[in-house]
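As a basis for the values below, the full set of heavy atoms in this structure was taken, side chains included, without hydrogen atoms, waters or symmetry mates. Just so you know, residue 1 is the first one in the sequence shown, and it goes up from there.
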Amino acid sequence: MVKSTSKDLRVVIVGGGFAGLTAAIECKLRGMHPVLVEAYPGASSHGDLLDFVRNAGRVFESWDNGNVGRRLMAAGVNAAKYLEFYNAENVLLRRDPWPQAADKDCVYAGHRGEMHRIIYEYAIEIGVDMQFNKRVEQYLDSDTERGVLICGGEKILGDVVLACDGPRSLARSQLLHLPESTVNSGYAIFRAFFNITDEMRQLPEFSEMIKEGEDSVRFWVGRDMHGFIYTWKNGRDCAWVLTHLDDANIAEMWSFPGKKEDVAKYLKDAGFPIIWHQALEATPADRIIDYKLVWRDAIPTWLSNSKKCAVMGDAAHCHLPTSAQGACQAVEDAVTAAICLQKCNGDVAAGLQVFERIRFNRSHVIHQASILTRNIYHKNDWTPELVREYPDSLIIPFYPWVTDFDVFANAEENFNQLLQDVRSAKPGTIEELALPAGGDYDGMLLEKRIPEERLDELTPSNAVRVQS
């Protein structure tokens with residue numbers, strides 16, 4: 001039954017990650033009745049480091065008169081001056097301002113679990129209905145029932161379903177009728193987070209990243225591998241992530257306990273510097289995770305046949321970390337969906353179709369670029385000379401069209417026209433109907449700016465040239 005006003009809408013949200021929490025909060029703030037359903041028992045305490053730049057950070061800053069943003073800032077890597085890039089020989093390639101040094105209001109980086117808890121606690125403060133320890137067995141999308149069936153037989157019903165159930169999404173198969181399409185990206189990440197001890201501070205190279213009153217962020221890039229090391233909170237906390245070539249089978253599991261000897265072998269094979277070996281030595285063995293990176297091709301629609309259920313976040317577009325935007329794009333999805341449901345005057349099917357048209361092309365371009373960016377990092381032998389000549393190639397892809405994006409204004413400004421397009425059944429593919437992405441990543445591609453006769457000179461004979 002179509003409700004008379006959007007304020008009456010009961011929104012069933014599956015998944016309590018950043019996409020689900022943001023959707024629930026935004027729907028609640030806009031007068032709807034969200035019900036968040038999560039299989040885990042509460043807020044996540046796991047993970048390494050996660051960052052949100054301005055396009056998502058402005059959302060958190062908008063909550064509770066900026067108090068949520070201030071809590072995220074206090075918890076994070078907010079005292080770093082620079083992001084430093086090194087090659088495998090530990091030669092400094094470039095030094096860029098750390099984003100938070102220039103924009104302290106809406107750029108947040110910190111421990112994933114701690115940031116998740118801050119947002120979870122705000123959802124509790126505003127009265128979001130969150131139901132934990134409830135694993136979805138079946139999505140319901142019929143004329144008489146829309147919602148989810150929980151293991152054990154309970155039904156949680158509503159007017160609309162937002163499936164934020166991650167890359168292993170049940171909604172993709174049950175709502176969108178898609179076959180399982182997870183493929184191994186060929187890469188995996190070793191991840192670790194731990195508290196730094198006094199003994200660790202005595203390790204010579206590792207201690208260089210522990211500074212009183214200053215956080216440190218360093219990035220290393222080598223053949224088929226790159227990694228970050230972060231220290232923050234006056235040298236109390238450390239996280240590192242190491243993305244590497246991997247041929248493991250991901251048919252059964254994506255995440256395993258990491259083994260120090262495996263990490264050490266990858267570091268040795270790539271010729272990474274001693275600071276990485278000392279960081280590994282400092283890491284408690286039980287704090288290392290071996291996470292296999294999966295890839296999903298873009299899907300033609302995010303909506304069920306009824307158009308009253310949608311997948312969002314990783315369930316719709318599973319970004320590799322090299323997009324530097326996976327969590328940010330999930331937040332953009334969530335805000336846009338809430339705005340469209342608020343403005344659709346109870347016509348959920350039309351509202352979600354507008355949501356899809358607003359979000360599809362922008363998220364698709366950023367999603368696809370994660371492989372391109374990874375290959376740029378890994379398939380060139382980086383030297384200071386090469387970086388000086390082509391400085392825009394070795395960067396974190398924080399282009400202004402990505403980071404300065406205002407998700408609130410974008411949805412508000414485009415809703416009415418796209419609603420008219422939906423109701424007039426404007427024909428065309430979703431790419432043709434979607435809003436322009438706003439930009440591209442061509443500026444990173446060396447071969448678009450290096451004369452063909454110089455490519456062999458600047459690229460080693462065993463390298464694979466990045467294709468656009």
Margin query: Just to verify, which of Glu332, Glu356, Glu431 counts as forming a salt bridge (charged side-chain N to carboxylate O under 4.0 Å, His left out) with Arg362?
Written below: Glu332
Please list every donor-acceptor pair under 3.5 Å in which a side-chain atom of residues 15-26 meets a protein atom from a residue at least two apart or in another chain.
residue : atom : partner : partner atom : Å
Thr22   : OG1  : Phe18   : O            : 2.7
Glu26   : OE1  : Arg30   : NE           : 3.1
Glu26   : OE1  : Arg30   : NH2          : 3.1
Glu26   : OE2  : Trp63   : NE1          : 2.8

Between [X] and [Y] (judged by ring centroids, cut-off 6.0 Å), do the two rings come close enough to count as a pair?
X: Tyr266; Y: Phe190; result: yes
X: His317; Y: Trp302; result: yes
X: Tyr291; Y: Phe256; result: no
X: Tyr120; Y: Tyr122; result: no

Taking atom [atom1] of [X] and atom [atom2] of [Y], what is their separation to the nearest 0.5 Å?
X: Ser216; Y: Tyr230; atom1: OG; atom2: OH; answer: 12.5 Å
X: Met444; Y: Leu394; atom1: CE; atom2: CG; answer: 7.5 Å
X: Asn410; Y: Phe405; atom1: CG; atom2: CZ; answer: 3.5 Å
X: Arg357; Y: Thr336; atom1: CZ; atom2: OG1; answer: 15.0 Å
X: Lys265; Y: His244; atom1: NZ; atom2: NE2; answer: 11.0 Å
X: Cys151; Y: Asn133; atom1: SG; atom2: CG; answer: 11.5 Å

Checklist line | Step-by-step salt bridge (Lys or Arg N to Asp or Glu O under 4.0 Å) determination, Asp159 to Lys308 | finding: CA-CA 8 Å; Asp159 303 291; Lys308 297 180 180 180; over 6 Å; no
Which class fits the ring pair [X] and [Y]: parallel under 30°, tilted 30 to 60°, perpendicular over 60°?
X: Trp240; Y: Trp276; value: perpendicular
X: Phe360; Y: His364; value: parallel
X: Tyr377; Y: Phe219; value: perpendicular

Check the side chains of [Y] and [X] for a donor-acceptor pair under 3.5 angstrom, ignoring hydrogens and angles.
X: Gln420; Y: Asn416; value: no
X: Glu61; Y: Tyr108; value: yes
X: Asp224; Y: Tyr187; value: yes

Checklist line | Check: Lys292 and Asp290 side chains under 4.5 Å, non-hydrogen atoms | finding: yes
Checklist line | Side chain proximity check, Thr301 to Ile430, heavy atoms < 4.5 angstrom | finding: no
Next item on the list: Starting from the C-alpha separation in whole Å, work towards a yes-or-no answer on salt bridge (Lys or Arg N to Asp or Glu O under 4.0 Å) for Asp215 and Lys233.
Entry: CA-CA 7 Å; Asp215 302 334; Lys233 290 186 179 177; over 6 Å; no
Tell me if a side-chain donor or acceptor on [X] pairs with a main-chain N or O of [Y] at a distance below 3.5 Å.
X: Arg135; Y: Ile150; value: no
X: Lys260; Y: Glu281; value: yes
X: His116; Y: His111; value: no
X: Asp421; Y: Leu433; value: no
X: Thr373; Y: Ala369; value: yes
X: Arg218; Y: Phe85; value: no

Note: [X]-[Y] ion pair, threshold 4.0 Å (strictly below):
X: Asp141; Y: Arg146; answer: yes
X: Asp406; Y: Arg58; answer: yes
X: Glu38; Y: Lys134; answer: no

Notebook entry, point to check: More than 12 non-hydrogen atoms from neighbouring residues, nucleotides or ligands closer than 6.0 Å to OH on Tyr40, yes or no?
Noted result: no
Next item on the list: Take Glu121 and Arg71, measure what salt bridge (Lys or Arg N to Asp or Glu O under 4.0 Å) needs, and give me the verdict at the end.
Entry: CA-CA 11 Å; Glu121 288 173 352; Arg71 291 175 65 193; 2.4 Å; yes
Note to self: Checking Asp347 against Arg423 for the salt bridge (Lys or Arg N to Asp or Glu O under 4.0 Å) test, could you report, in this order, the C-alpha distance in whole Å, the side-chain angles of both residues, the deciding distance, and whether it holds?
What the structure shows: CA-CA 11 Å; Asp347 187 351; Arg423 288 180 170 164; 3.2 Å; yes
Next item on the list: For a side chain to side chain contact (heavy atoms under 4.5 Å, CB included) with His226, tell me which candidate from Val241, Leu242, Thr322 qualifies.
Entry: Thr322
